[in-house]
Amino acid sequence: MSDIGEIRMQVMWNRLISVVEEQALTLLRTAFSTSVRESGDLSAGVFSPRGEMLAQAVTGTPGHVNTMAEAVLQFMNEIPREEMYEGDTYVTNDPWQGTGHLHDITMVSPSFLNGELVAFFACTAHVVDVGGRGFGADGKSVYEEGIQIPIMKFAERGVVNRDLVKILRCNVREPNQVVGDFYSLAACNEVGHRRLVGMMTEIGLTSLDGLGAFIFSRTHNAMLERIKALPKGTWSNELVTDGYDDPVKLAAAVSVLEDHLNVDFSGSAPMSRWGINVPIIYTKAYACYALKCVVAPDIPNNAASLAFFTVSSPTNILNAARPAPVSLRHVIGHMVPDLVLGAMAQALPGKILAEGAAALWNIHISARPVAGGAGRRAEVLMFNSGGMGARPELDGLSATAFPSGVHTMPIEATEHTGPIVIWRKELRPGSGGDGEFRGGLGQVLEIGALDGHEFDFSAMFDRVKHPAKGRNGGKDGQAGVVKLDDGTLMRPKGWQHVPAGRRLILELPGGGGYGDPAKRSAEARALDQSRGYVTEDGK
């Protein structure tokens with residue numbers, strides 16, 4: 001290819017990125033759910049007619065993006081090409097064909113130009129409610145966790161499936177929000193389609209085959225070069241999480257081969273009777289993310305780069321079989337990067353960060369007036385983040401959602417959704433593990449209902465009994481705490497009640513430290529003290 005040809009392809013690649021970014025921003029701007037609108041809990045991408053991910057939006061989470069990369073193929077297997085029409089939009093929330101639990105809605109839309117299928121657009125977003133027991137770990141099977149939508153048509157030739165909309169309205173607690181998000185997802189793909197067709201028409205393209213070949217060949221060659229430079233062998237790691245009522249062991253063996261990396265999760269705990277199981281599609285999404293962060297963080301995430309990572313596992317908590325309950329698959333799933341990175345730290349000593357809080361401290365609140373009182377009912381979802389692990393040359397980031405990448409919801413947006421008050425939200429001094437480089441801090445949140453109201457909440461917390469471990473001599477981060485303002489300890493998982501007049505206090509875990517604490521500079525310790533990052537004794 002000539003220099004001019006390469007430049008032209010690079011320009012078209014940049015245009016394609018702008019297309020999917022506008023696709024994602026459409027979802028952000030039109031979504032009803034605060035988790036999408038305020039936190040970016042979504043994904044968006046464009047795919048070839050063969051279902052290969054060409055490009056993803058920067059906005060979004062690895063759990064959504066990397067599962068979406070496989071989900072499109074599931075849609076193509078279910079809906080024959082001859083039954084795909086212009087104006088179609090397909091939908092599912094099947095945990096094993098989508099993103100791992102029922103609360104995420106995945107939509108896929110074919111994109112036609114002059115009657116020819118030239119691409120697919122896909123997007124995913126978390127909705128506030130899917131019925132059933134609500135967002136929590138208490139279900140005993142997926143059938144208790146909410147309405148299941150098999151891969152089907154949300155719209156055919158531009159006409160929305162009204163029967164599906166009616167069924168949705170009858171099965172969820174917040175019908176206007178949920179149905180609104182369905183339309184938002186469909187609009188997201190429609191905007192992507194319009195921008196793509198406009199780009200192709202302007203440039204004079206009749207297909208994306210040439211651009212796809214350019215993207216995939218460059219990505220493949222760059223990835224192969226990075227993998228060849230890695231040490232070869234197999235390294236194993238184990239990690240223990242809180243589980244629901246008993247600790248859960250996670251195990252991984254990472255094999256670096258000549259032309260790919262494989263992660264095997266044999267030895268992990270068996271499936272749980274609670275809703276913390278993880279379908280393999282979600283486990284793979286975060287395993288691939290962890291590996292890519294190490295191997296090639298600067299190379300585009302697409303079908304060619306993801307093809308270098310494979311995952312294997314017998315049936316267990318990280319490869320849960322239907323109909324296992326999976327509502328909180330993210331709690332265990334978010335531990336997968338720390339698990340995988342712990343193995344890679346043996347292969348690449350001195351280059352991998354310490355463990356962090358990992359799992360988001362999501363909380364779903366069901367608020368209502370006290371019996372006999374007047375007021376407002378609402379379902380409120382909050383995303384909160386603990387501290388990241390310290391890095392080999394830098395302190396850990398505080399209150400940062402790694403590996404998820406979602407934003408913390410603003411207090412104002414959260415309070416607007418229901419009759420609750422966030423009385424306190426601040427960094428938690430001393431929660432980051434000590435070390436040459438300090439672990440990131442967790443947060444302290446204090447949540448209460450408005451006068452005359454009470455609430456139930458679904459706890460989705462981990463690192464309460466098993467804090468993040470430090471690396472290379474760094475100290476562990478502080479464990480999390482869940483309690484009421486009178487000191488009553490609450491469970492880290494499951495639905496629980498907060499009576500009127502009481503407040504819920506969440507103390508989020510901190511990240512592990514990195515390196516010998518004796519090597520931390522006096523200047524860094526003085527700065528920690530002045531900023532209030534440590535307690536009075538300097539810890």
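Side-chain atoms are counted along with the backbone in the values below, which use heavy atoms only and exclude waters and symmetry mates. Index from 1, following the sequence.
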Got a sec, which pairs hit ring-ring contact (aromatic ring centres under 6.0 Å, His included) with one end in [range], sequence neighbours left out?
| range | result |
| --- | --- |
| residues 235-281 | Tyr244-Trp274 |
| residues 320-347 | Phe135-His330, Tyr286-His334, His330-His334 |
| residues 43-64 | none |

Any donor-acceptor pair under 3.5 Å linking the side chain of [X] with the backbone of [Y]?
| X | Y | answer |
| --- | --- | --- |
| Asp476 | Gly470 | yes |
| Asn93 | Ile149 | yes |
| Arg428 | Gly432 | no |
| Glu507 | Val481 | no |
| Gln496 | Gly494 | yes |
| Ser39 | His407 | yes |
| Thr400 | Ser398 | yes |
| Arg520 | Glu436 | yes |
| Arg50 | Glu52 | no |
| Ser305 | Pro300 | yes |

Is it true that [X] and [Y] have a side-chain N and a carboxylate O under 4.0 angstrom from each other?
| X | Y | result |
| --- | --- | --- |
| Arg37 | Asp181 | no |
| Glu145 | Arg133 | no |
| Asp138 | Lys493 | no |
| Asp242 | Lys465 | no |
| Asp338 | Arg463 | yes |

Between [X] and [Y], is any pair of side-chain heavy atoms under 4.5 Å apart?
| X | Y | result |
| --- | --- | --- |
| Phe309 | Met223 | yes |
| Val65 | Asn301 | yes |
| Phe120 | Met76 | yes |
| Thr234 | Val254 | no |
| Leu185 | Leu27 | yes |
| Tyr282 | Leu318 | no |
| Phe437 | Pro392 | no |
| Leu261 | Ser255 | no |

Tell me the closest heavy-atom pair linking [X] and [Y], and the distance in Å.
| X | Y | value |
| --- | --- | --- |
| Pro509 | Asp462 | CG-O, 4.1 Å |
| Val36 | His126 | CG2-O, 3.4 Å |
| Glu355 | Ala468 | O-CB, 3.5 Å |
| Phe461 | Val482 | CD1-CG2, 3.4 Å |
| Asn316 | Met271 | O-CG, 3.4 Å |
| Ile227 | Leu257 | CG2-O, 3.6 Å |

side-chain hydrogen bond (donor to acceptor under 3.5 Å, both in side chains) partners for Thr89, two or more places apart = Ser109
Counting only heavy atoms not in Lys140, do more than 12 fall under 6.0 Å of its NZ?
-> yes
Would you indicate whether Lys469, at its atom NZ, is surrounded by more than 12 heavy atoms from other residues, nucleotides or ligands within a distance under 6.0 Å?
->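 Counting other residues, nucleotides and ligands, NZ of Lys469 stays at 12 neighbours or fewer.
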Give a yes-or-no answer on whether the side chains of [X] and [Y] include a donor-acceptor pair shorter than 3.5 Å.
| X | Y | value |
| --- | --- | --- |
| Thr106 | Thr124 | yes |
| Thr99 | Thr67 | no |
| Thr310 | Asn262 | yes |
| Asn277 | Asn319 | no |
| Gln148 | Asp94 | no |
| Ser266 | Asp264 | yes |
| Glu379 | Ser366 | yes |

Summary of side chain to side chain donor-acceptor pair (under 3.5 Å) pairs that have at least one residue in residues 224-233, sequence neighbours excluded |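 For residues 224-233, and leaving out neighbouring residues, the side chain to side chain donor-acceptor pair (under 3.5 Å) pairs sorted by first residue read Arg226-Asp298.
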For side-chain contact (heavy atoms from CB on, under 4.5 Å), just list the numbers for Met53 and Val72, CA-CA rounded to whole Å, side-chain angles, deciding distance to a tenth of an Å, and then say yes or no.
-> CA-CA 9 Å; Met53 187 166 72; Val72 171; over 6 Å; no
Going through the checks in order, is the side-chain contact (heavy atoms from CB on, under 4.5 Å) test met by Ile281 and Asn66?
-> CA-CA 8 Å; Ile281 193 170; Asn66 289 348; over 6 Å; no
[atom1]/[X] to [atom2]/[Y] distance, rounded to the nearest 0.5 angstrom?
| X | Y | atom1 | atom2 | answer |
| --- | --- | --- | --- | --- |
| Arg471 | Arg391 | CZ | CZ | 14.0 Å |
| Asp41 | Ser404 | CG | OG | 6.0 Å |
| Leu381 | Asn362 | CG | CG | 6.0 Å |
| Phe154 | Tyr90 | CZ | OH | 13.5 Å |
| Asp395 | Tyr533 | CG | OH | 9.0 Å |
| Cys123 | Gln56 | SG | CD | 14.0 Å |

Output, in order, the C-alpha distance, side-chain angles, deciding distance and verdict of side-chain contact (heavy atoms from CB on, under 4.5 Å) for Ile280 and Ser313.
-> CA-CA 8 Å; Ile280 193 67; Ser313 179; 4.2 Å; yes
Please say which of Asn77, Thr92, Val108 ends up in a side-chain contact (heavy atoms from CB on, under 4.5 Å) with Ile151.
-> Thr92
Can Met460 and Trp361 be said to form a side-chain contact (heavy atoms from CB on, under 4.5 Å), step by step?
-> CA-CA 6 Å; Met460 315 179 200; Trp361 272 47; over 6 Å; no
Qualifying salt bridge (Lys or Arg N to Asp or Glu O under 4.0 Å) pairs, either residue in residues 99-110, two or more places apart |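 The answer is Asp104-Arg329.
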